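Remember, predicted model here, so these are calculated numbers, not experimental data.
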Amino acid sequence: MNVNQSAPPVPPFGQPQPVYPGYHQSSYGGQPGSTAPPTHYGAYNGPVPGYQETLAPGVSRAPPSLGAPPATTAQTPCGQAAYGQFGQGDVQNGPSSTVQMQRLSGSQPFGSAPLAPVVSQPTVLQPYGPLPTSSQVTAQLAGMQISGAMAPAPPTLGLGYGSFGPGRGPQPNYGSPYPGAPTFGSQPGPPQPLPPKRLDPDAIPSPIQVIEDDRNNRGSEPFVTGVRGQVPPLVTTNFLVKDQGNASPRYIRCTSYNIPCTSDMAKQAQVPLAAVIKPLARLPPEEASPYVVDHGESGPLRCNRCKAYMCPFMQFIEGGRRFQCCFCSCINDVPPQYFQHLDHTGKRVDAYDRPELSLGSYEFLATVDYCKNNKFPSPPAFIFMIDVSYNAIRSGLVRLLCEELKSLLDCLPREGRAEESAIRVGFVTYNKVLHFYNVKSSLAQPQMMVVSDVADMFVPLLDGFLVNVNESRAVITSLLDQIPEMFADTRETETVFAPVIQAGMEALKAAECAGKLFLFHTSLPIAEAPGKLKNRDDRKLINTDKEKTLFQPQTGAYQTLAKECVAQGCCVDLFLFPNQYVDVATLCVVPQLTGGSVYKYACFQVENDQERFLSDLRRDVQKVVGFDAVMRVRTSTGIRAVDFFGAFYMSNTTDVELAGLDGDKTVTVEFKHDDRLNEESGALLQCALLYTSCAGQRRLRIHNLALNCCTQLADLYRNCETDTLINYMAKFAYRGVLNSPVKTVRDALITQCAQILACYRKNCASPSSAGQLILPECMKLLPVYLNCVLKSDVLQPGAEVTTDDRAYVRQLVTSMDVAETNVFFYPRLLPLTKSPIESTTEPPAVRASEERLSDGDIYLLENGLNLFLWVGASVQQGVVQSLFSVSSFSQITSGLSILPVLDNPLSKKVRGLVDSLRAQRSRYMKLIVVKQEDKLEMLFKHFLVEDKSLSGGASYVDFLCHMHKEIRQLLS
């Protein structure tokens, strides 16, 4: 739907603007002030008739990366909200409660002064109202206007970037006078003072509003997958899926559901064609898991030429005796045992009885031909490898872990309704040497064997190392009791790392099974051994050409080790507990290439971090994993998979190899044209994952998806999904920093976004003044989300962000799904006292900006990894008493991480909301209470992504104007 709205009248040019109460303003434009941190974007005053806009001298076209912020930046003390404490998740947002937006009905002509960006439906013939005159455009910056589901702007401000507003104090997080280029766009003659103006944040596209509209429009009906090329509801909408021949969006999401027919058209639009695939995604309880199909000894039916698996798009011919492959058009014989007659429409009469002929997702039981060495696999094993050096013992980590494992071993993943898990377990402890334990059920006490030759690692025992938990329970319990005591007085501070992984892999190889290593590690491995590392942390490299080395592993030894692990089906999950630099970029190589996970707990203290660590560990041990997996993505003629992003290893150009794959991990695949596509037949994707289940069963999981193809660019832009686009662009950029300077990566992102929007403007939007910013309806959030990616710690770190934090976040984002990147880059901000206390639903979210915070309210902010409770200084005394059990704001402990359990409605509601947010995420979010004006508030404000950041990142408003300038440069 497209609604054109009239903007309210604006005061005449040159007159002061009305100022709205409670609306903080800061000055934008003017000359650089001495106190202001440098900014990326010059002042911007729009076009003037007859004036060709050029760049200001000294202003680069794309924003450069800036260095450290002012020295006043609050440092995060160890043990407090360290940035290195990140996790992942999926999302739910609501409408803004501060600003009620409404849609206008019908199509209305524009008023005299358009204000905000036009968000247009991609139609070539679009009913716009009369265009503004050139004088109006001059008067109102590049006369931005808006249509689509956006609110009319209050009649305050035209869009101009001179300084504005009466003399007020600077707005927090916006810097002082806005430094920038000389202002272009003043009339010829003596310089005139510019009128105070600013683009109203309520008049530009709001993520909160888009999310709320999608929930209201698409949240009540099930999403039925029977129609080709349907764009699913947003990831932030709760909806049910009915599989009728295409894979659920929980398994596959695409950047566009309508692919250009030719490569020239794709190059012109610059919209990446990619799919984010989550093959083992967990489904809500209301949706059925994929059916398992057993074809017996003959195995699944495939195309003889391209090896695609039988799916609903295959065409049966000659009365059902043959079928034509929908991927390569090869004609194949139907085996006699699979034969069935066709009905009058040419469809098999048993189509709806067979999952592979009627559903988008299903599983086949694999035959022995799909197994290593042509023999069925053994059930996998878990090996727990525990660092027992001085740091691990002193922090209480070892005792806590051993205590938890006693009960956790009862919760190993099991197949279906099996009585007990088929997974066997083993235990290793290590510092400079490795200790293996024999926990055979016939022993009275566990036996320890030490391997001190770490350069030539071997496993000193086979029998009794990997055991069934129930059979060896007494011996295992005895071992877990003894480990903390055995090493209680250790003075050994040095550790090894690569030999530990080598030992685990050798143990799995000797047992002839796949499995997972759980490594608990505390420090940089500096002991003499293979994989020894040195401290190479150097903040001086930031913003230089050598910055990329901080993200690269410092030795090739770990890549070689990872390759061996993948061949054995040995997946590594790493739990890090660093007090200082541990070179996450290098230690993460093996988990990343084996499909494992990394968890990081900086400055670990049992009393503060126990709940977070144990919650992550329980979830990690219990989650369903596919072992020793290979994934291949096949496409119909015309496009092919050319690039892959995620946590996996590739030894050739087509097979994604995963020692382990869990329900949280995604593989992102980019497609390119290799021929012309056909509008009638569309394009097909088939993702096939071969894996070993936790019971040792070899299976194939198949996901199919049919997309439309188009010859009109407008159809491409009408069927894009911005959340998936941002997921792909972030992963592309985060991989780019391994090989290019960060500034180059940032500039490339901005250029690509400008090209996408300029192509739309040029080819799809109806003619209008160059001064108007016109955005496609389904891409209107691309600028705000892209700005969040550009401001992220990886691409623009603040002074308090460590090298390890950046490497950690970089590898986390690589395998995030679309819901996780959505909330990670644009956090959710929920006001807690606005909605009625008895309400059981989540409060509606507000935009992530300081302007939305009221000092009389309390807010929860979450991004899937962090959870903050911000308390305003003027919050009512009753609220403080109900939540914190203290009588005034000043008595609240800043940095508090656990809310007191109190028997009153508000306390129950807030604690319930915290629990419900945590349940939606794949990692435990530790709560941090932040008081207004407290030193911790700097950390909290880092997540208010619509504002200017301390590290030099632009505000949403400024970035939108910069984007507009870039687009106009491309069009001129």
May I ask you to say whether [X] pairs ionically with [Y], meaning some side-chain N is under 4.0 Å from a carboxylate O?
| X | Y | value |
| --- | --- | --- |
| D609 | K926 | yes |
| R282 | D664 | yes |
| D616 | R619 | no |
| R632 | D655 | yes |
| R539 | E547 | no |

Would you please name every residue forming a ring-ring contact (aromatic ring centres under 6.0 Å, His included) with [X], sequence neighbours left out?
| X | answer |
| --- | --- |
| F648 | none |
| F644 | none |
| F436 | F465 |

Only distances under 3.5 Å count here; give the side-chain donor-acceptor pairs of residues 525-535 to other protein atoms, sequence neighbours excluded, each with its distance to 0.1 Å.
residue, atom, partner, partner atom, Å
E528, OE2, K532, NZ, 2.5
N535, OD1, D537, N, 3.0

Mind checking whether L795 and V745 have side chains closer than 4.5 Å, heavy atoms only?
->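 Result yes, sub-4.5 Å side-chain heavy-atom pair found.
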Taking the six-membered ring for Trp and the single ring otherwise, decide whether the centroids of [X] and [Y] are under 6.0 Å apart.
| X | Y | result |
| --- | --- | --- |
| Y691 | F627 | no |
| H521 | F577 | no |
| F382 | F518 | yes |

Give me the ring orientation class for F575 and F520: parallel if the planes are under 30° apart, tilted from 30 to 60°, perpendicular past 60°.
->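 Parallel: the ring planes of F575 and F520 meet at under 30°.
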Is the side chain of T255 donor-acceptor paired with the backbone N or O of A274 at a distance under 3.5 Å, no angle test?
->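 Yes; judged by distance alone, with no hydrogens or angles, the pair exists.
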Counting distance only, does the side-chain N/O of E820 pair as donor-acceptor with the main-chain N or O of D817 below 3.5 Å?
->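 Indeed, once roles are kept as given, a pair shorter than 3.5 Å links the two residues.
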Under 3.5 Å side-chain donor-acceptor pair for Y599 and D573 =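 No, no side-chain donor-acceptor pair sits under 3.5 Å.
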Output, in order, the C-alpha distance, side-chain angles, deciding distance and verdict of side chain to side chain donor-acceptor pair (under 3.5 Å) for Y826 and E946.
-> CA-CA 9 Å; Y826 192 95; E946 288 199 20; 2.6 Å; yes
Are K731 and F645 in a cation-pi contact, defined as NZ or CZ under 6.0 Å from the six-membered ring centre and within 45° of the axis?
->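 Cation-pi check for K731 and F645: fails.
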Could you list the residues that satisfy side chain to side chain contact (heavy atoms under 4.5 Å, CB included) with T653, not counting sequence neighbours?
->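 T653 satisfies side chain to side chain contact (heavy atoms under 4.5 Å, CB included) with no residue once adjacent residues are dropped.
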Residues that D456 engages under side chain to side chain contact (heavy atoms under 4.5 Å, CB included), provided they are two or more places apart |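 Expected list: D453.
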Residue Q559 excluded, over 12 heavy atoms near CD under 6.0 Å =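 Yes.
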